Each structure stands twice: as structure tokens, then as C-alpha cells.
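Here the structure is laid out as C-alpha cells; the discussion comes afterwards.
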Amino acid sequence: MHIPVVIIGGGPSGLLLGQLLHKRGIEAVVLERKTRDYVLSRIRAGVLETGLVRLMEEAGVAERLHREGYVHDGTQIAANGEMFHIDFKKLTGTPILVYGQTEVTHDLYDAREASGARTEFEVDHVEIHGADTDKPYVTYRQNGNGHRIDCDFIAGCDGFHGVSRQTIPLSVRREYEKTYPFGWLGILSRTPPVHDELIYANSERGFALCSMRSASLSRYYIQCALSDHPEDWTDAAFWDELKRRLPADVAERLVTGPSIEKSIAPLRSFVTEPMRWGRLFLCGDAAHIVPPTGAKGLNTAASDVQYLYQGLCQFYEEGDSEGIDRYSERALLRVWKAERFSWWFSGLLHRYPDQSPFDLKMQQADIAFLRDNEAQQRAFAENYVGLPY
Ligand code: RFL
Ligand code: PHB
């Protein structure tokens, strides 16, 4: 069997690429290791840049997102018992949209099913063959049976732990990584958000973030030790610690309730280069990871998808390989800027075990500069709402 594009991974990158290609009449199959319900049970991103919203529109899946998403014109930064506002709309003319990754994925699966496009779930032993030739193919197992799909191109959208990146020989692949000496403990609760914008907080007890999914569903995070386990943290201990990291008036207004999800995510910065090897293209978390401070992960996956989608359209519609040939270079230019912003913003807000008194003073000065300097606020806002692509 021959299908033009095989997409490995049915997370947001793979599904968005699949839907965009489908709209242009380019056939693709999505191979997903888990079930649809499992993919939809993962609570992850909550902030969408306009670039991703536009791609969802182009894919014809933005109706619910516009109806149920929350437009935010700015964000709050808290430090030293105070809070200041960064006005994205005033500084850049662009807002962000609060709409969960789970919902994005849900909408993309619904559209995929409605269009009759093929998705294979619960596949294992996915292997990529001949990616450096003109006749690549993918093999996999499903329900104990072996399968083979011949194709023109393979999109590796299988996340950080997928097989696609590992297929690129070590003689070609270069990896850049930074790990952070802490994680984020996150909870979801059926409580109204404490503020109508997100609050990113620096405190002497560590970082905290107040986010949301809707008017009655809140998402909160606190910096925790890497050795912590979610079960070590009772709900009461979480709320108590969160309150201690927020300005007193915010803490007073915080409505607490039982958590409906609690998990710990380690923080990592990671980039692999190149993002293309022959006919294999890496997209999203398969190629790069950012710490979640700044909400760039899903949004950077979306810009990869846009560059690859354009390249594939150019190839199939105009017989021109310029877009796919320059895919890695274009994607990496934007990826590294998102890496820089996420790394810088993480450094601004977290407590590091080895921070010296001098380092702490630098952090405080950096926060004060952001609070007081409009040019710095504009640079922040441009990065947060998403650099152009
Ligand atoms: P995903 O979502 O990991 O999907 C990859 C899919 O591939 C499947 N897979 C395989 N399928 C077939 N064969 C194999 N061998 C396979 N191996 C894996 C997996 O089952 C999965 O379904 O990658 P993708 O599509 O590139 O999407 C990336 C985003 O999920 C990620 O960047 C964001 O969630 C990061 N992130 C955030 N990003 C934002 O833009 N804004 C945010 O506000 C934000 N908040 C977050 C985040 C990530 C977090 N965690 C848990 C890491 C908050 C958190 C806490
Ligand atoms: C979230 O709502 O999950 C979220 C929001 C902003 C971030 C990270 C996560 O920077």
C-alpha cells in the first residue's frame, strides 16, 4: 500500500498536519501508539498563540475554539508581594487565547473522523525504513499483525519519547539539552480562576502559576523538588503552598477545592538538529522541548507544522522542493528563539538551589526592569504572543 504522507504520532502536531493536508487533498495516515481516550486524558498546554489559532482556522477546526476560548489581552507578573500587568494588546496589537490542548486535540480528532481520514491506534514497533532514499516506508504492528506502508514522506510527530528522532543516525544528529533542578506540580480543580488573566509568580518559596481552562475550571502550578511525587502532596498542602507564593490579596481571593488531576512535570530545554533527514521531518516535541514557563511547547509545534505543511503543498502542487529543503533551517530559526524565551523566563521566576545572593539580586533587577521599562515589556509581549512565522 502507498500513501503520500505517513504521520507518526496522533498528538496535536500530527493531527494538525493531517487535517491541513487533508484540506488540500494530500492524503496522510496517522499512526498513534495509544488510544484516542488516552491521548485526550493528558492535561497539558492552555495558551494558544494567534499563529496556532490561524492554522486551526485554515484546517477548518476553529469553530468551538472561538466560541469557548478566552481571549486574554495581557498577563500578570507577581513578585515581592506586588503584581504588575503586561498589556499584550497595547504593546503588540495581539492577544492570546486560553483554550486547552485537550480541547484542541479533541476538535482535531472529531474533524479527522468526520472527514473519514485514516488513523491507526494502538500501533507498536513502528519502524522507519529508507528515510534517506526516495522510497521510504514504515512498518508497524497492530493487534499482533505486521503492516507496511510505502510513502513519499514521513512526519515524525511522536513526541519526545518517540522513534522518529532516534531513526536519524548519530553521525548526523546533534542534540542540545539543559535540565532544570526542579519540576512543576500541577493541579486542575473545579473552582473559579483567582484572576481573569494568568499570574506568573516569583517568590522566595519558588515559582507559582495561576492559569485556567474556563470560568469554573482552574489550573495551578507550583515549583517542586524533582524527588517529589504527586501523592506526597495533599490538596491542602498544595493550596497552602500556592497561597504562600502569591501576593496576600490574591491569596485571600483564591477559591480552593478538591483536585481532579495532579501531576509533576520535569523541566527541560532540548533541541535536535537537523529537523530533517532525507524524507523524514521532525515536528513538535519530537524535535524540541521547552520548559512550560511562557507556554511555547504546543505553539512551537504549530510553527513547525506550518513550515512542513507549506513545503509539502509546494512539492505536491507546484513540483517545487524548496519548502521541504529549507524546512529544518526555517523551523530551527524560530525554535531557538522560543527556547531562548522559555529559558530566560524560567530563570526570571524560579528559585535555583545554587543561586547566590548576587544571582538573586540579578533576578530582582531583571523583574524590576521588566516592570518599569516599556521596551522590555514590548520584547516580552512579542515573544509571549508568538514571534511571526
Ligand atoms: P505529543 O503531545 O507528545 O504527542 C506525540 C504523540 O505521539 C505518540 N507516540 C507514538 N505514536 C506512534 N508510535 C510511536 N513510537 C510513538 N511514540 C509516541 C504519543 O502517544 C502522542 O500521542 O507531541 P506534539 O504533538 O509534538 O505536541 C507537543 C505538545 O504536547 C507540548 O509541546 C505541550 O504540551 C507543551 N506544553 C505547553 N505548550 C504550550 O504551547 N502552551 C502551554 O501552556 C503548555 N503547557 C506543556 C504545558 C507541557 C506540559 N507537560 C506535561 C510536559 C504544561 C505542561 C505541564
Ligand atoms: C497551563 O494553563 O497549563 C499553562 C499556562 C501557561 C504556561 C504553562 C501552562 O506557561
Side-chain angles (χ1 to χ4, degrees), residues 6-18 29-36 38-49 51-52 70 72 75 96-102 104-105 108-109 119-128 138 140-142 155-167 183-188 193 197-200 207 209-214 217-221 261 263-268 270 282-305 335 338 341-342 345-346 349 384 386:
V6 173
I7 299 174
I8 305 176
S13 308
L15 294 171
L16 181 59
L17 178 65
V29 59
V30 170
L31 305 179
E32 168 55 48
R33 192 175 50 170
K34 303 284 190 183
T35 62
R36 173 187 159 134
Y38 181 91
V39 175
L40 291 175
S41 69
R42 292 189 289 227
I43 313 273
R44 286 178 161 189
V47 173
L48 313 189
E49 296 174 359
L52 172 49
Y70 292 79
H72 282 202
T75 195
I96 49 118
L97 190 78
V98 172
Y99 188 70
Q101 174 171 334
T102 313
V104 169
T105 314
L108 285 164
Y109 268 126
T119 311
E120 299 295 339
F121 291 101
E122 295 183 89
V123 303
D124 58 22
H125 294 93
V126 172
E127 283 181 39
I128 297 167
V138 176
Y140 62 96
R141 296 191 68 78
Q142 193 183 37
C157 301
D158 48 353
F160 186 64
H161 300 287
V163 293
S164 301
R165 185 177 68 253
Q166 310 295 342
T167 305
W184 278 20
L185 169 64
I187 69 159
L188 193 66
E197 288 180 344
L198 271 66
I199 303 173
Y200 287 90
F207 168 77
L209 169 61
C210 305
S211 183
M212 65 198 72
R213 291 293 178 273
S214 72
L217 195 59
S218 294
R219 181 81 167 144
Y220 295 104
Y221 297 95
E261 195 264 358
S263 53
I264 292 183
L267 271 70
R268 185 195 304 272
F270 174 89
L282 303 180
C283 280
D285 280 16
H288 43 76
I289 298 287
V290 287
T293 337
K296 289 286 151 254
L298 174 63
N299 291 303
T300 311
S303 55
D304 295 349
V305 166
V335 163
F341 178 67
S342 309
F345 197 29
S346 298
L349 298 177
Y384 197 98

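Count residues from 1 along the sequence. Since the model is a prediction, treat every value here as computed from it, not as a measurement. Remember, it's 1-based here, ligands and their atoms both numbered in the order they're listed.
Listed as neighbours of ligand 2 are Arg44, Gly46, Val47, Trp184, Leu198, Tyr200, Leu209, Ser211, Arg213, Arg219, Tyr221, Pro292, Gly294, Ala295, each bearing a heavy atom under 4.0 Å from the ligand.
Within ligand 1, the atoms closer than 4.0 Å to a non-hydrogen atom of Ser13 are 24 (P), 25 (O), 26 (O), 27 (O), numbered from 1 in the order shown. Within the listing of ligand 1, atoms 17 (N) sit less than 4.0 angstrom from a heavy atom of Gly162. The contact set between ligand 1 and Asn299, taken as ligand atoms under 4.0 Å from a residue heavy atom, comprises 40 (O). Under a 4.0 Å criterion applied to the non-hydrogen atoms of Lys34, ligand 1 contributes the atoms 20 (O). Taking a cut-off of under 4.0 Å to the non-hydrogen atoms of Cys157, the atoms of ligand 1 that pass are 5 (C), 6 (C), 7 (O). Near Gly46, meaning under 4.0 Å from any of its heavy atoms, are these atoms of ligand 1: 42 (C), 43 (O).
When all heavy atoms of Gly9 and Val30 are compared, the pair lying nearest together is O-CG1, 3.8 Å.
Looking at atom 34 (O) of ligand 1, its nearest protein heavy atom turns out to be Gln101 OE1, 2.6 Å. In this structure, the protein non-hydrogen atom closest to atom 15 (N) of ligand 1 is Val163 CG1, 3.7 Å. Among all non-hydrogen protein atoms, the one lying nearest atom 1 (P) of ligand 1 is Arg44 NH1, 3.5 Å. Protein heavy atom at the shortest distance from atom 53 (C) of ligand 1 is Tyr221 OH, 3.7 Å. Residue, atom and distance of the protein heavy atom nearest to atom 18 (C) of ligand 1 are Asp158 O, 3.1 Å. The protein heavy-atom contact nearest to atom 42 (C) of ligand 1 is Ala45 CB, 3.0 Å. Nearest to atom 21 (C) of ligand 1 among the protein's heavy atoms is Arg42 NH2, 3.1 Å. Counting protein heavy atoms only, atom 11 (N) of ligand 1 is closest to Arg33 N, 3.2 Å.
Remark: Glu32 pairs with no residue by the side-chain hydrogen bond (donor to acceptor under 3.5 Å, both in side chains) rule, at least two apart or across chains. Applying the side-chain contact (heavy atoms from CB on, under 4.5 Å) test to Ala286 and every residue at least two apart in sequence or in another chain returns Asp158. With sequence neighbours excluded, the residues forming a ring pair (Phe, Tyr, Trp, His ring centres under 6.0 Å) with Phe121 are Tyr109, listed by chain and number.
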Applying side-chain hydrogen bond (donor to acceptor under 3.5 Å, both in side chains), run through Tyr221 and Arg219 and close with a yes or a no.
CA-CA 7 Å; Tyr221 297 95; Arg219 181 81 167 144; 2.9 Å; yes
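Looking at heavy atoms from C-beta onward, Arg213 lies in side-chain contact with Leu188 at the 4.5 angstrom threshold. Here the side chains of Trp184 and Thr293 are in contact, with some heavy-atom distance below 4.5 Å. Side-chain contact between Leu298 and Leu52: present, with at least one pair of heavy atoms (C-beta onward) separated by less than 4.5 Å. Looking at His288 and Thr300, their side chains come closer than 4.5 Å, going by heavy atoms from C-beta outward.
In Ala286, neither the side chain nor the backbone holds a heavy atom less than 4.0 Å from any atom of ligand 1. Under 4.0 Å from ligand 1, the heavy atoms of Val126 that appear belong solely to its side chain. Under 4.0 Å from ligand 1, the heavy atoms of Leu31 that appear belong solely to its backbone. Here Val39 has side-chain heavy atoms under 4.0 Å from ligand 1, and that is the only part of it that gets that close.
For Leu298, a nitrogen or oxygen atom sits less than 3.5 Å from a nitrogen or oxygen atom of ligand 1, counting backbone and side chain alike. Note: no N/O pair closer than 3.5 Å links Gly14 and ligand 1 by distance alone.
Side chain of Asn299 to main chain of Leu48: no donor-acceptor pair is present (N/O by atom type, distance under 3.5 Å, no hydrogens or angles). Distance alone, capped at 3.5 Å, places no donor-acceptor pair between the Ser342 side chain and the Pro292 backbone.
The cationic group of Lys296 lies under 6.0 Å from the six-membered ring centre of Tyr384 and within 45° of the ring axis, placing it in a cation-pi geometry.
Using a 4.0 angstrom heavy-atom cutoff, Gly186 does not count as in contact with ligand 1.
Note: Ile8 CD1 to Cys157 SG = 8.5 Å, rounded to the nearest 0.5 Å. Note that the OG1 atom of Thr35 and the CD atom of Glu122 stand 6.0 Å from one another [nearest 0.5 Å]. Once rounded to the nearest 0.5 Å, the distance linking CD of Gln142 with CZ of Arg33 reads 14.5 Å. One finds the CD atom of Glu261 at 5.0 Å from the CD1 atom of Ile43 (value rounded to the nearest 0.5 Å).
Looking at Pro266, Ala287, Gly297 and measuring to atom 35 (C) of ligand 1, the nearest heavy atom belongs to Gly297.
Here the two rings, on Phe270 and Phe160, have centers that are under 6.0 Å apart.
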